[in-house]
Structure formats: structure tokens, C-alpha cells
Amino acid sequence: MPVRYELIKECKQSGARLGRLHTPHGTIDTPIFMPVGTQATVKAMSPEELKEMGSQIILSNTYHLFLRPGHEIVKEAGGLHTFMNWDRAILTDSGGFQVFSLSQLRNITEEGVSFRSHLSGEKLFISPEKAMEIQNALGADIIMAFDECPPYPAERDYVKASAERTYRWLKRCISAHQRPGDQALFGIVQGGMYRDLREESARQLVDLDLPGYAVGGLSVGEPKEIMYEVLSYTTPLLPKDKPRYLMGVGSPDALIQGAILGIDMFDCVLPTRIARNGTTMTSQGRVVVRNAKYARDFSPLDPNCDCYTCRNYSRAYLRHLIKADEIFGLRLTSYHNLYFLLRLMEKVRQAIMEDRLLTFRDEFMSQYYGSTH
Ligand SMILES: COC(=O)c1ccc(CCNc2nc3cc4nc(N)[nH]c(=O)c4cc3[nH]2)cc1
Ligand SMILES: [Zn+2]
């Protein structure tokens with residue numbers, strides 16, 4: 001059993017849970033935020049810095065590593081953990097979503113997806129079997145089924161046919177998985193924004209008794225209220241004794257609301273991507289530190305944060321570095337944003353322990369967004 005979820009406590013105020021995810025590369029306290037390291041590095045962060053801020057699991061991408069440097073090279077290096085010098089847990093996404101969000105000239109058939117590399121333009125093809133071959137070579141502790149994430153909005157007929165094909169692809173992934181003893185394969189619930197299709201997809205996946213379940217097809221441009229509505233009727237269909245992973249989420253409010261709705265795992269490029277243009281998340285809300293108003297602001301980025309960035313540098317200095325396009329600038333803002341979200345999830349876990357997650361949400365929302373909404 002490569003990955004085992006231990007349910008510690010259910011929140012009395014909401015659908016939130018406190019859990020522990022035991023993996024061959026360490027134990028993860030849930031609910032958890034996973035920093036995204038798409039190309040075998042969390043951009044601008046070293047493994048030591050990620051450990052220092054308390055990260056227990058990071059995400060990498062099959063699509064990107066297949067294109068460059070190629071999964072054979074990573075395998076020859078001894079796998080992703082050795083290649084990137086990360087001895088804690090890793091989850092790899094299966095490439096379905098990335099093919100659609102990154103490459104041109106795509107054609108999707110029962111067999112798989114053909115596309116042109118966004119790097120070289122060469123014609124490539126990924127099938128469920130290929131996605132498993134790549135992920136087995138990379139060696140992540142948790143791997144994702146090869147699926148289609150339908151666009152938003154999408155016609156019901158399209159979403160229905162897509163979800164049915166994704167289910168057939170999942171069975172092919174299970175058959176093609178070469179390392180079920182040390183890599184846990186998670187299924188991905190699809191079905192768009194259609195309740196009956198979501199319920200059917202969840203039922204089919206639960207019948208396969210998988211080690212974990214992701215909710216896919218969300219955070220694709222739909223209003224947050226719709227995402228929350230889909231979660232409110234989907235997560236209760238998933239087994240309590242298995243981890244639930246909401247893909248591609250997210251912002252502080254969505255992390256808290258997702259936990260309230262019973263999600264245990266989250267990932268998003270948001271904190272590191274916005275850091276690179278000088279946008280930071282602080283206890284008082286977003287601070288766009290490249291803004292002229294911080295030119296002479298010698299106070300810390302976040303007075304309530306004890307991270308390396310906030311203990312040693314001023315907003316004026318950060319603004320200067322970002323404006324000067326200095327690499328150290330995006331390192332400092334990335335470090336803080338990741339630290340902020342990892343601490344936020346710690347506070348969420350503490351609130352679940354004390355049965356006061358809804359109260360915590362209201363307090364956080366009024367501080368961060370200036371109102372409870
Ligand atoms: C500044 O912020 C940003 O740049 C930024 C970019 C993208 C997202 C959204 C990411 N959303 C998302 N990632 C996803 C990854 C997925 N993977 C699979 N296999 N299947 C899915 O069904 C799926 C859905 C997703 N939805 C959020 C934020
Ligand atoms: Zn900080």
C-alpha cells in the first residue's frame with residue numbers, strides 16, 4: 001500500500017477533515033497545499049528552502065518532463081526524487097490538462113491525444129498507456145490517471161462523452177500501471193458542471209476502490225460559486241477514508257472553502273506565478289509590492305509574517321528588486337507567497353482541530369478581503 005490516508009478528525013462545523021497521508025517519502029498533514037514544480041523545480045526555490053518553509057509534498061508535470069528532458073533521462077538519473085534532490089513526497093499530474101492548455105494542433109481520439117510540442121513543434125502523442133509509462137519512469141509517490149479536462153463552458157453531450165472516455169482511459173491506466181506497489185494511482189472525477197454526470201463519474205471511480213480521488217474539470221474559468229456547488233455534491237460521494245484532491249486550486253479563499261467542503265489536497269501555480277510580477281499575499285490582503293506607493297515603505301512585506309523575506313527585507317527593497325528585474329526579487333516574493341499559503345493551511349488544520357473552521361474563515365476573509373463574502 002504505497003499511500004495510506006488516516007482520518008484523524010472530522011470538523012463539527014463543516015465537511016472539513018484532519019488527516020495524515022502516509023507515503024514512502026514521508027507523512028503529510030492534510031488539508032495540505034502542494035507547491036507546483038512543473039519542470040522538476042519549484043521555480044526559484046531550492047529543496048532546502050521548501051523544507052525550511054514546511055513543504056511536505058510538491059507537484060511536477062508529466063507533459064513538461066516528457067517533452068524536456070524526457071522521462072528516460074529522469075529514469076536513468078534514478079527517478080524524479082534523485083534528479084531534483086527532493087526526498088519528500090511528489091505527485092505528478094498526468095498531462096491531459098497540460099496538453100490542452102499548452103500545445104497547439106491537438107486531436108483527441110479514443111486512443112489518446114496527438115499534439116504538437118509547444119517547444120519544438122514536433123508531432124507527439126500521449127495515450128493512457130504512455131502517460132503511465134512516463135509517470136512510472138518519473139517515480140512520483142502519487143500519479144494521476146490520464147484524463148480529459150473539458151473546457152468551460154461545454155455542452156452537456158460533449159461533457160458526457162468526454163467523462164465516459166475518461167473512465168475508459170482510467171481502466172486502461174490501471175491495467176498499464178507497472179508500479180502499483182510504490183506509486184498510488186489517483187482517479188479524477190469529471191462531469192463538468194452537470195450534477196448527474198458528476199455523480200455518475202464519482203460512482204464509477206469509487207467502485208474501482210482507488211487509493212485517492214481527485215476532483216478535476218474545475219478551476220477552468222467557472223465562477224467560484226459554481227465550483228463550490230459542484231464540490232458540495234461531489235465530495236460527499238467520495239469515501240471518507242481516502243484523500244480528496246482538488247486540482248488547480250488555488251487562492252486563499254478557495255483553499256479555505258475547499259477544505260470546508262471536504263477537500264484534503266490542493267495545488268496551484270498562483271503563488272509562484274504572481275510572485276514573479278511582484279504580487280504578494282499578506283495577512284492584510286494582496287500587496288502589489290512593485291507599486292510606486294511602496295517606494296519609501298521600509299516596513300516588512302507582511303508585519304504578521306515571520307518568514308525569511310519579512311524578517312530581513314523591506315517593501316521598498318522588494319519593489320526595487322522587482323522593478324529592476326533582479327532574480328533575488330522573485331526569489332523573495334516566491335518564498336513569502338509559498339510560506340503564506342503553507343501557514344494558512346496550518347491555521348486551517350488548527351481550526352479543524354478546534355471545531356472552529358467557519359469562524360476562522362470569516363475572520364480570515366474580513367482581514368484579507370476586507371469583508372466576509
Ligand atoms: C496567476 O494564476 C495563474 O496563472 C493560474 C493558472 C491556472 C490556474 C488554474 C489551474 N486549474 C486547473 N489545473 C488543473 C489540472 C488538471 N489536471 C488534470 N489531469 N485533470 C483536470 O481536470 C485538471 C483540472 C485543472 N484545473 C489557476 C491560476
Ligand atoms: Zn513573509
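Computation of the quantities below employed the complete heavy-atom set of this structure, encompassing side-chain atoms and omitting hydrogens, waters and symmetry-equivalent molecules. The structure presented is a predicted model; accordingly, all values stated were derived computationally and were not measured. Every number for a ligand or one of its atoms is a count from 1 in the order of the listing.
By heavy-atom distance, the residue among L218, V36, V220 lying nearest atom 26 (N) of ligand 1 is L218. Selection from A275, C268, G95 by nearest heavy atom to atom 28 (C) of ligand 1 gives C268.
When heavy-atom distances to ligand 1 are checked against a 4.0 Å cut-off, M144 has no atom that comes that close, whether in backbone or side chain. By the criterion of a heavy-atom distance under 4.0 Å, both the backbone and the side chain of M247 are placed next to ligand 1. Both the backbone and the side chain of S219 come within 4.0 Å of ligand 1, counting heavy atoms alone. Neither the backbone nor the side chain of A214 has any atom closer than 4.0 Å to an atom of ligand 1 (non-hydrogen atoms only).
Summarising the local packing, NZ of K9 is surrounded by more than 12 heavy atoms from other residues, nucleotides or ligands at distances under 6.0 Å.
Checked against a 6.0 Å centroid threshold, the rings of Y313 and H320 do not count as neighbours.
If you check which protein heavy atom lies closest to atom 17 (N) of ligand 1, you get D93 OD2, 2.7 Å.
Side-chain atoms of D267 come within 3.5 Å of backbone atoms of G248 as a donor-acceptor pair (strictly under, hydrogens ignored). Although no hydrogens or angles enter the test, the distance criterion places no donor-acceptor pair under 3.5 Å between the side chain of T166 and the main chain of D147.
Rounding to 10°, one obtains 120° for the angle at the Zn ion (ligand 2) between ND1 (H336) and SG (C307).
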Report task. Take D209 and K242 through the side-chain contact (heavy atoms from CB on, under 4.5 Å) test and state the conclusion after the steps. Result -> CA-CA 9 Å; D209 190 24; K242 297 290 176 62; 2.8 Å; yes
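Here the CG-CD1 distance, from D141 to I57, works out to 7.0 Å after rounding to the nearest 0.5 Å.
Ligand-side atoms of ligand 1 in range of S94: 19 (N), range being under 4.0 angstrom from any heavy atom.
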